Trainee: 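Pasting a structure here, questions to come.
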2 protein chains.
Amino acid sequence: MANIKDIAKQCKVNPATVSRALNGKKGVSEKVRARIIKTAQRLGYSKNPLAAGLITHKSGIIGLVVPDITNPYYASVAQGVSAVLRQSGYGTFLCDSTRSREQEQQYFGMLCSYRVEGVVLLSVTAKPEDLEIFREKGIRVICVDNPISNEVSTVLNDNYQGACDLTEHLVCDCGVRRLVAVMGTRDADTTRQRLRGCTETLARLGQSGILQGTLYTQPDYDHGDAIMGEVMKLSPDCVFAVNDQVALGAFSWCLRNHVDVPGQLKLCGFDDIAAASMISVPLTTVHQRKYVLGEKAATQLIYELKNPDSLPMRIELLPKLMIRASCGERSSPQPSTGSAQS
Amino acid sequence: MANIKDIAKQCKVNPATVSRALNGKKGVSEKVRARIIKTAQRLGYSKNPLAAGLITHKSGIIGLVVPDITNPYYASVAQGVSAVLRQSGYGTFLCDSTRSREQEQQYFGMLCSYRVEGVVLLSVTAKPEDLEIFREKGIRVICVDNPISNEVSTVLNDNYQGACDLTEHLVCDCGVRRLVAVMGTRDADTTRQRLRGCTETLARLGQSGILQGTLYTQPDYDHGDAIMGEVMKLSPDCVFAVNDQVALGAFSWCLRNHVDVPGQLKLCGFDDIAAASMISVPLTTVHQRKYVLGEKAATQLIYELKNPDSLPMRIELLPKLMIRASCGERSSPQPSTGSAQS
DNA sequence: TTGCGATGTCCTTAATGTTTGCCATGTTGG
DNA sequence: CCAACATGGCAAACATTAAGGACATCGCAA
């Protein structure tokens with residue numbers, strides 16, 4: 001593979017000159033620069049970012065940590081991140097932690113040893129002190145969804161607002177009177193905000209009594225199905241699920257057990273994953289702009305890399321209520337392309 | 001960040017000795033080795049694989065190219081790949097080509113300049129000559145699903161067999177008499193094999209006349225829905241979809257247009273993505289072991305990196321017919337966790 | 001006990017592909 | 001004729017590994 005020396009030889013200049021020419025630095029006449037660029041193309045030269053990174057301390061790689069890439073929500077965010085990174089010439093180092101804190105930690109070490117320039121972190125398990133390893137090495141981190149530490153920027157959906165809108169709709173438009181919340185990872189911010197939005201809205205409406213109980217489980221399809229036995233003991237008229245996967249799991253339980261949705265039981269989720277509108281009784285849910293979330297996160301990270309002394313900030317995306325059939329009442333059309341959860 | 005020289009200084013040995021000690025090479029006394037390892041740990045040393053790669057020509061990074069990470073099929077494969085790579089100490093460089101040949105090519109260049117050691121390639125757009133760039137640089141490639149060139153190993157599901165099983169079931173058990181095939185990317189191997197399995201099985205059964213027509217479209221949910229108008233003009237009693245997404249799209253069309261499944265129209269897909277069993281009339285489909293596929297691909301790649309003169313091979317996974325309600329007839333229980341397409 | 005090769009341990013040096021600071025040379029303008 | 005500036009060369013630096021050499025120790029036979 002052609003390297004900088006080959007070009008230098010061909011052009012009868014010094015490698016340093018080639019480097020300056022190719023990197024658009026001054027100190028090279030336009031005539032020489034043009035000649036160098038031309039031979040570089042002719043030789044099919046591509047610079048070795050690893051060697052360059054050795055000296056500039058910029059590997060050109062950015063770490064992307066997700067809890068579970070098969071979760072369509074994370075996959076969409078990842079797509080947004082990776083698209084922006086590509087456009088900016090960065091490489092994406094994928095870390096699928098499979099929701100395990102241990103594996104996540106292992107990946108953190110790996111990212112450090114590979115000298116990534118920054119990290120986009122989607123995590124439900126990391127603690128503030130886990131980020132120490134990055135801070136001490138000067139590696140920028142952007143959190144998505146879960147604001148792990150307020151020393152780093154976070155990009156997230158306004159889950160609280162989404163939950164408020166949804167709850168109000170349930171109570172005021174759909175006549176829900178016995179609500180059961182099925183939540184996910186206990187200390188994930190996503191879970192907390194969604195639950196808070198629900199309870200506070202009920203309180204605001206003077207209807208706190210509507211909440212019959214809150215259950216916690218793994219936020220996926222199978223667990224959503226499995227927990228329904230317990231949920232039904234509370235004889236709810238509506239299940240407020242932490243995300244669509246759980247809601248879909250619940251729906252499948254209803255199908256099997258001949259519970260009519262929305263007649264006997266209303267069902268709602270969060271995220272608006274593709275499958276949410278594919279089922280026979282399309283799911284009322286809160287649409288999240290997952291892809292945009294990823295784009296914003298990557299953009300912000302790149303910005304911070306260029307402005308190393310910028311202070312951490314918080315970017316919130318506003319959600320949109322998607323009223324479909326699963327909670328009865330009138331219905332409104334559109335969105336849901338891509339996928340979702342959290 | 002502590003480097004090899006710091007350790008050398010502390011231990012009063014030469015950096016080269018530290019290198020040998022840490023890499024488990026011989027030529028270092030056990031006493032010195034132990035001392036070195038201890039101080040390495042104390043200093044929190046982590047080697048810089050990029051610098052090492054500069055000289056060994058082994059970056060420790062492997063490229064993973066997928067057409068669309070939000071597609072649950074690819075996401076599952078990616079998870080399998082990345083899990084195996086992590087266990088073997090490799091990093092995963094994610095390239096989401098968004099089904100664009102152009103972007104894919106750009107990524108190929110990027111992978112080369114980053115000196116990845118190998119590439120796991122899931123592509124529906126790449127042509128044999130596109131792999132040239134890797135071959136000339138000695139970068140090993142493993143294809144998944146689509147055997148782009150027979151100079152590289154391929155890991156794939158036996159789509160042909162799956163299609164045969166499925167078709168036989170449709171004709172013999174479900175009494176299908178007017179079949180329409182809705183296929184995906186025209187020259188993708190996946191499409192070809194699935195279609196071939198169908199037509200050849202019909203021929204074998206002496207029922208070639210059953211196939212009313214074959215339509216091609218983008219293999220996703222929206223296009224599956226959109227093409228149904230055209231499909232119905234052929235007045236089929238069964239739609240043989242290239243994958244579950246298309247089948248689910250078709251199903252949503254049926255719901256809207258009050259076409260009874262499986263009464264008026266039978267529907268089947270391929271891959272057994274999670275959503276396939278979530279819908280009100282669970283989808284008969286062919287289960288693919290997506291995660292395993294990814295594992296096998298990564299394992300094979302690592303094997304080939306260790307045995308550079310190993311010859312290309314082909315690994316086929318056998319599929320499993322999942323009989324559910326969407327084609328009528330009796331039904332069998334289980335699988336479908338994770339997700340799918342191709 | 002001496003001599004010799006074999007072996008083990010560690011050091012020295014060069015190399016990987018870039019970038020960067022500094023210096024030398026050449027050119028231009030006043 | 002000198003200052004100022006533009007141009008491009010030289011060499012060091014980055015973190016690591018590979019090859020080869022120096023030195024000491026050891027076993028064994030003379």
Side-chain angles (χ1 to χ4, degrees), chain A residues 1-37 39-40 43-61 89 91 109-110 112-117 137-138, chain B residues 1-37 39-40 43-61 89 91 109-110 112-117 137-138:
Chain A
M1 199 133 67
N3 64 21
I4 212 171
K5 283 185 198 161
D6 300 331
I7 301 178
K9 221 174 289 171
Q10 288 245 350
C11 293
K12 299 192 201 307
V13 296
N14 191 281
T17 307
V18 177
S19 169
R20 272 177 303 224
L22 259 30
N23 290 322
K25 304 218 167 171
K26 60 183 177 182
V28 187
S29 64
E30 283 314 309
K31 214 190 302 180
V32 175
R33 188 189 300 273
R35 187 152 46 96
I36 288 176
I37 291 179
T39 42
L43 265 50
Y45 168 78
S46 78
K47 95 154 146 193
N48 188 330
L50 281 50
L54 205 54
I55 170 157
T56 60
H57 296 288
K58 292 183 186 315
S59 60
I61 305 179
M110 210 159 164
C112 287
S113 63
Y114 274 95
R115 272 56 170 184
V116 294
E117 286 185 53
K137 297 187 175 62
Chain B
M1 200 132 71
N3 64 22
I4 211 171
K5 281 185 200 162
D6 300 330
I7 301 177
K9 221 173 292 172
Q10 287 245 349
C11 294
K12 300 191 199 306
V13 297
N14 191 277
T17 307
V18 177
S19 169
R20 264 171 295 147
L22 259 30
N23 290 323
K25 304 215 167 170
K26 61 182 175 183
V28 186
S29 65
E30 283 313 311
K31 215 190 302 181
V32 175
R33 189 190 299 272
R35 188 151 45 97
I36 288 175
I37 291 179
T39 43
L43 266 52
Y45 168 79
S46 78
K47 95 155 149 192
N48 187 331
L50 282 52
L54 205 53
I55 172 157
T56 60
H57 296 289
K58 292 185 188 311
S59 59
I61 305 180
M110 209 158 164
C112 287
S113 62
Y114 274 95
R115 272 58 171 183
V116 294
E117 285 186 54
K137 297 185 175 62

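In what follows, chains are A, B, ... by sequence order, proteins preceding strands, each numbered from 1. Note: hydrogens, waters and symmetry copies are ignored here, and every other heavy atom, side chains too, is used. Bear in mind the structure is a predicted one, so any value in this text is a computation, not a measurement.
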Trainee: Quick one: on DNA chain C, does B/His57 or B/Val13 contact a more 5' nucleotide (nearest heavy atom)?
Mentor: B/Val13
Trainee: Look at the side chain of B/Ile55 and decide which nucleotide, out of D/dT16, C/dT19, C/dG17, has an atom nearest to it.
Mentor: D/dT16
Trainee: Apply the test side chain to side chain contact (heavy atoms under 4.5 Å, CB included) to residues A/Val13 and A/Val28: give CA-CA distance (whole Å), side-chain angles for both, the deciding distance (0.1 Å), then the verdict.
Mentor: CA-CA 11 Å; A/Val13 296; A/Val28 187; over 6 Å; no
Trainee: Taking only the side-chain heavy atoms of A/Ala52 (C-beta and beyond), determine which of C/dT19, D/dA15, C/dT20 contains the nearest atom.
Mentor: C/dT19
Trainee: In Å and rounded to the nearest 0.5 Å, what is the CG to OG distance from B/Leu54 to B/Ser59?
Mentor: 11.0 Å
Trainee: Rounding to a whole Å, what distance do you find between A/Lys137:NZ and D/dA15:P?
Mentor: 14 Å
Trainee: Rounded to whole Å, how long is the line connecting atom NZ of A/Lys31 with atom C1' of C/dG26?
Mentor: 13 Å
Trainee: Between A/Lys47 and C/dT19, is there a contact of a side-chain N or O with OP1 or OP2 at under 4.0 Å?
Mentor: yes
Trainee: Does A/Cys11 reach the side chain of A/Val32, with side-chain heavy atoms less than 4.5 Å apart?
Mentor: no
Trainee: Atom OG in A/Ser113, atom NZ in A/Lys137: separation rounded to 0.5 Å?
Mentor: 9.5 Å
Trainee: Which one, C/dT19, C/dT16, D/dT16, comes nearest to the side chain of B/Tyr45?
Mentor: D/dT16
Trainee: Can a side chain N or O of B/Ser19 be found less than 4.0 Å away from OP1 or OP2 on D/dT17?
Mentor: yes
Trainee: Which listed nucleotide (C/dC10, C/dT18, D/dT7) is nearest to the side chain of A/Ser29?
Mentor: D/dT7
Trainee: For a quick check of understanding: with a heavy-atom distance under 4.0 Å over all strands, which category does A/Lys26 fall into, base, sugar-phosphate or nothing?
Mentor: nothing
Trainee: Taking the side chain of B/Asn14 as heavy atoms from C-beta outward, which of C/dC11, D/dT16, C/dT16 is closest to it?
Mentor: C/dC11
Trainee: Please figure out whether B/Arg35 or A/Leu54 has its closest DNA chain C nucleotide nearer the 5' end.
Mentor: B/Arg35
Trainee: In terms of side-chain heavy atoms of A/Lys5, which of D/dG8, C/dT18, D/dT16 is nearest?
Mentor: C/dT18
Trainee: Mind checking if B/Lys58 touches a base, just sugar-phosphate, or nothing, with heavy atoms under 4.0 Å?
Mentor: nothing
Trainee: Among the candidates D/dA15, C/dT18, C/dC11, find the nucleotide nearest to the side-chain atoms of B/Arg20.
Mentor: C/dC11
Trainee: Please confirm whether the shortest side-chain N or O distance from B/Asn48 to OP1 or OP2 of D/dT16 is below 4.0 Å.
Mentor: no
Trainee: So how far is it from A/Gln10 CD to A/Ile7 CD1, rounded to the nearest 0.5 Å?
Mentor: 8.5 Å
Trainee: Just N and O in the side chain of A/Asn23: are any of them under 4.0 Å from OP1 or OP2 of C/dT19?
Mentor: yes
Trainee: Using only heavy-atom distances, decide whether a donor-acceptor pair under 3.5 angstrom links the side-chain of A/Arg33 to the base of D/dG8.
Mentor: no
Trainee: Would you please confirm or rule out a distance under 4.0 Å between OP1 or OP2 of C/dC11 and any side-chain N or O of B/Thr17?
Mentor: yes
